2 protein chains.
Amino acid sequence: MPRPTKRHPERGDARTRLLEAARDVIRQKGFTATTVDDLCKAAGVTKGAYFHHFESKEALGVAAAQFWTETTGAFFRQAPYHAPEDPLDRVRAYVDFRKSIIEGVPAEFTCLVGTMTQETYDSYPAIREACAESIFGHAATLEADIEAAMKERAISADWTAASLARHTQAVLQGAFILAKATGDREIARESVDHLKRYIELLFDRPSDMTGAPGRLGAPAKST
Amino acid sequence: MPRPTKRHPERGDARTRLLEAARDVIRQKGFTATTVDDLCKAAGVTKGAYFHHFESKEALGVAAAQFWTETTGAFFRQAPYHAPEDPLDRVRAYVDFRKSIIEGVPAEFTCLVGTMTQETYDSYPAIREACAESIFGHAATLEADIEAAMKERAISADWTAASLARHTQAVLQGAFILAKATGDREIARESVDHLKRYIELLFDRPSDMTGAPGRLGAPAKST
DNA sequence: ACTTACATACCAACTATTCGGTATTTATTC
DNA sequence: GAATAAATACCGAATAGTTGGTATGTAAGT
């Protein structure tokens with residue numbers, strides 16, 4: 001459906017430009033502080049175009065979250081961390097990759113849907129849901145590798161692949177907040193290092209260490 | 001300075017009531033979406049009172065962050081997790097405590113300054129700074145216990161007590177985002193469990209891992 | 001002919017902030 | 001300790017600018 005505009009044929013259609021503007025501006029100013037005019041200016045379109053493509057600001061928020069899901073989905077799918085044979089190596093490579101793309105200023109490396117979640121979770125259920133789908137959909141792409149790694153190393157744990165996958169996202173989202181608070185991306189990378197260390201520790205020790213209670217980090221069941 | 005109003009003697013002064021309202025409303029709607037009218041209504045004061053105490057909305061944001069620092073500071077200072085003799089037990093107890101206070105709906109258990117950071121880091125440097133002070137000031141209160149635990153167990157690691165303390169806050173902030181995205185506090189608790197498991201694993205093994213990885217919780221004296 | 005993709009002008013509601021005023025407390029003086 | 005002065009705390013209507021959204025029009029593609 002999107003058709004290259006005759007008026008600005010080189011820059012893609014207005015809808016796409018608006019979504020790209022939303023991605024950039026909202027990560028900088030937040031969803032509420034970003035006005036429709038801001039987006040139109042950034043995208044180089046008029047309000048008429050805006051409301052032709054999005055019936056409301058909320059609708060744009062939903063579309064922006066979905067756009068984020070699609071674009072980052074493609075980005076991660078083609079990323080090099082899937083290459084290793086060993087599934088655990090793929091998980092390691094994923095974390096390394098996430099660390100490596102923490103570059104530039106926060107508005108560039110932070111997560112649009114994480115930001116929008118904070119602002120909209122109570123006021124715009126539709127946006128919240130689109131953000132949740134984005135976050136947990138991405139987390140789900142890690143599950144298979146984690147699961148395979150657990151099987152391969154005979155890890156029988158009190159945690160699941162799904163929960164560890166979600167935890168990686170929590171660490172990243174939290175790391176982004178600390179980076180925004182300081183303006184220092186190093187502080188985000190530091191938390192990713194902790195995440196990596198955690199994963200190493202989880203998989204470092206086989207599960208069937210018979211006789212040693214509370215070895216897996218679970219609080220030792222008191223006798 | 002704050003003086004109990006004659007008009008509403010039972011509810012404290014207007015300034016305090018506005019800060020409490022800010023704490024509650026901003027956690028629900030976010031900083032930008034929270035209007036001055038919202039705050040006045042929630043606090044039961046007029047706009048005149050508002051602008052008597054805060055010269056701008058930005059100033060209120062700063063004051064709200066500082067109010068958060070003070071109140072949560074007192075709250076954590078008197079919390080029971082400081083009781084254990086063993087410093088590592090105090091760290092464990094801290095994490096358990098943080099998990100235990102994830103109760104009710106997100107607006108109740110999430111962090112005001114984490115929320116505000118996301119929205120204001122680029123537009124309101126003063127607020128960002130107050131939020132950063134709050135987050136890292138709180139993180140700093142964990143450092144001594146972590147440091148002591150490291151010393152006691154002769155952990156010589158490639159991470160510092162300060163960085164682990166910051167990481168705990170990253171995990172919590174990230175956990176809050178996932179909870180907001182789903183509306184489910186369990187998902188936040190899950191990440192706190194991972195954090196706890198990480199800490200157990202970090203301290204489970206003595207630093208001089210000669211032979212078998214550290215089996216005992218007992219501190220193995222490193223050479 | 002009909003739909004899609006824009007453009008322009010406009011608006012009603014809302015926003016943060018201002019400001020002249022009153023009430024209440026504190027400080028000072030007698 | 002009464003009278004008075006000076007702050008401080010609060011009130012609420014008015015304002016100027018901004019906001020998301022609309023109404024209406026036009027030009028291009030099919």
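Just so it is clear: chains get the letters A, B, ... in the order the sequence lines come, proteins before strands, and each one is counted from 1. Only a predicted model underlies this, so the values are computations on that prediction, with no experimental measurement involved.
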*asked:* So, does B:Lys47 get its side chain near the phosphate of D:dG12, meaning an N or O under 4.0 Å from OP1 or OP2?
replied: no
*Counting side-chain heavy atoms from C-beta on, which of C:dT15, D:dG20, C:dT17 comes nearest to A:Val36?*
D:dG20
*Nearest-Å distance, NE2 (A:His52) to P (D:dA27)?*
17 Å
*Rounded to the Å, how far apart are A:Arg17 CZ and C:dA5 P?*
13 Å
_B:Phe75-B:Phe97 aromatic ring centre distance below 6.0 Å_ = yes
*Rounded interatomic separation in angstrom, taking CZ from B:Phe54 and C1' from C:dT18*: 18 Å
*Would one find a side-chain N or O of B:His53 under 4.0 angstrom from OP1 or OP2 of D:dA9?*
no
*Could you check which of D:dC10, C:dC6, D:dG20 has an atom nearest any side-chain atom of A:Ala14?*
C:dC6
_B:Asp13 side chain, from C-beta outward: closest of C:dC6, C:dT17, D:dC10_ = D:dC10
*Heavy atoms under 4.0 Å, any strand shown: does A:Thr46 hit a base, just sugar-phosphate, or nothing?*
base
_Judged by each residue's nearest nucleotide on DNA chain D, which is more toward the 5′ side, A:Glu55 or A:Asp38?_
A:Asp38
*In whole Å, what is the span from the NZ atom of B:Lys41 to the P atom of C:dA16?*
12 Å
*Take the protein atom OH of A:Tyr50 and the nucleotide atom P of C:dA9, then report the distance between them rounded to whole Å.*
21 Å
*Please report, rounded to the nearest Å, how far the P atom of C:dC10 is from the CZ atom of A:Phe51.*
18 Å
*Can you check ring pair (Phe, Tyr, Trp, His ring centres under 6.0 Å) on B:Tyr198 and B:His167, steps first, answer last?*
CA-CA 11 Å; B:Tyr198 177 47; B:His167 180 61; 5.7 Å; yes
*Exam field: side chain B:Arg128 to backbone B:Thr120, donor-acceptor pair closer than 3.5 Å*: no
_A:Lys57 NZ - D:dG21 P separation (whole Å)_ = 8 Å
_Value in whole Å for how far the C1' atom of C:dA7 lies from CG of A:Asp37_ = 14 Å
*Around atom CD of B:Glu58, are there more than 12 heavy atoms of other residues, nucleotides or ligands at under 6.0 Å?*
yes
*Can you establish whether the number of heavy atoms outside B:Glu55 located under 6.0 Å from its atom CD is more than 12?*
no
*Give A:Thr34 one of three labels, base, sugar-phosphate or nothing, depending on what nucleic acid heavy atoms sit under 4.0 Å from its own.*
sugar-phosphate
